[in-house]
Amino acid sequence: MRQHEHAQSEPHGHHEHHEHHGHHEHRGATTSWSMAAQATLHCLTGCAIGEVVGMAIGTALAWHNVPTMILAIVLAFVFGYSLTMRGVLRAGLDVRSALRVALAADTVSITIMELADNATIVVFPGAMDATLSDALFWLSLALSFVVAFLVTTPVNRWMIGRGKGHAVVHQYH
């Protein structure tokens, strides 16, 4: 069993499952769907936190749909980058370097995720007008996260296989 496949099968937290290795292990066919799914779940966690917080704030303040959606998207990026920065800061990087790593690791993934996520919400009948107390709000949000995961995972696999995206984070763990 290859080193990174073995590491994938053990319980882990936020990226601690990766042993210190270079980008060459992520090239080509060695990039597993499991690795891509874990990278996508990492991004989805940050996006989900930001989305829910943004929508909760916008809804609580009775904002219209567009400003609420903009706030949710901005917070999705903030929380997504923050989760990555947390891990690389623990590895000893300074804040500026950690931000660069987070931008390189997550920008494409979060962008695609947000496009898929928000497009799903927009086309889901009634979702844009649902409030936090409506089951439709939570159902459409859950569906949008599933769609975002399914759309983004192949992109992350492709990027990791080329030493991009989340592959740049692995050298710090």
Side-chain angles (χ1 to χ4, degrees), residues 1-55 72-93 97-121 123-124 138-173:
M1 187 180 280
R2 282 176 259 187
Q3 181 180 1
H4 71 279
E5 289 174 341
H6 175 70
Q8 296 298 321
S9 65
E10 297 175 8
H12 56 277
H14 170 77
H15 286 303
E16 283 87 7
H17 62 280
H18 294 289
E19 295 179 22
H20 184 78
H21 49 44
H23 295 234
H24 66 279
E25 291 186 39
H26 297 289
R27 301 256 186 240
T30 63
T31 304
S32 69
W33 282 104
S34 175
M35 182 184 301
Q38 289 177 10
T40 304
L41 284 173
H42 169 262
C43 284
L44 185 59
T45 300
C47 287
I49 293 167
E51 290 269 339
V52 171
V53 169
M55 287 188 270
I73 292 168
V74 167
L75 290 178
F77 276 91
V78 168
F79 280 92
Y81 290 143
S82 296
L83 289 179
T84 297
M85 286 183 65
R86 183 185 70 168
V88 295
L89 285 168
R90 282 189 294 194
L93 265 66
S97 297
L99 179 59
R100 285 186 190 143
V101 169
L103 291 171
D106 294 337
T107 300
V108 171
S109 181
I110 295 172
T111 300
I112 292 169
M113 195 167 290
E114 285 301 303
L115 288 170
D117 169 354
N118 285 288
T120 302
I121 295 289
V123 300
F124 198 101
W138 297 104
L139 178 64
S140 62
L141 185 62
L143 176 66
S144 75
F145 291 151
V146 170
V147 169
F149 176 82
L150 294 174
V151 170
T152 309
T153 299
V155 174
N156 280 335
R157 183 174 188 250
W158 181 82
M159 289 175 44
I160 293 167
R162 281 147 190 79
K164 308 253 187 251
H166 265 259
V168 302
V169 172
H170 296 264
Q171 64 183 311
Y172 300 106
H173 296 281

Asker: Which atoms form the tightest heavy-atom contact between Ala148 and Ala116, and what is the distance?
Answerer: CA-CB, 3.8 Å

Asker: What's the separation between atom CZ in Phe145 and atom OG1 in Thr152, rounded to the nearest 0.5 Å?
Answerer: 12.0 Å

Asker: To the nearest 0.5 Å, what is the distance between CG (Asn156) and CZ (Phe149)?
Answerer: 9.0 Å

Asker: OG1/Thr45 to CG/Leu83 distance, rounded to the nearest 0.5 angstrom?
Answerer: 6.5 Å

Asker: Can you name the nearest heavy-atom pair linking Ile160 to Ala39, along with the distance?
Answerer: CD1-CB, 3.8 Å

Asker: Side chains of Cys47 and Ile110: closer than 4.5 Å at any heavy-atom pair?
Answerer: yes

Asker: Mind listing the closest non-hydrogen atom pair of Leu44 and Met113 along with its distance?
Answerer: CA-SD, 3.4 Å

Asker: Does some side-chain heavy atom of Leu93 sit less than 4.5 Å from a side-chain heavy atom of Arg100?
Answerer: no

Asker: Please report the interatomic distance CE(Met35) to OG1(Thr153), rounded to the nearest 0.5 Å.
Answerer: 13.5 Å

Asker: Output the distance between atom CG (Leu141) and atom CZ (Phe124), rounded to the nearest 0.5 Å.
Answerer: 10.5 Å

Asker: Using side-chain contact (heavy atoms from CB on, under 4.5 Å) as the criterion, point out the one residue from Ile112, Asp117, Thr111 that pairs with Glu114.
Answerer: Asp117

Asker: For Ala102 and Met85, which heavy atoms make the closest approach, and how far apart are they?
Answerer: CB-CG, 3.6 Å

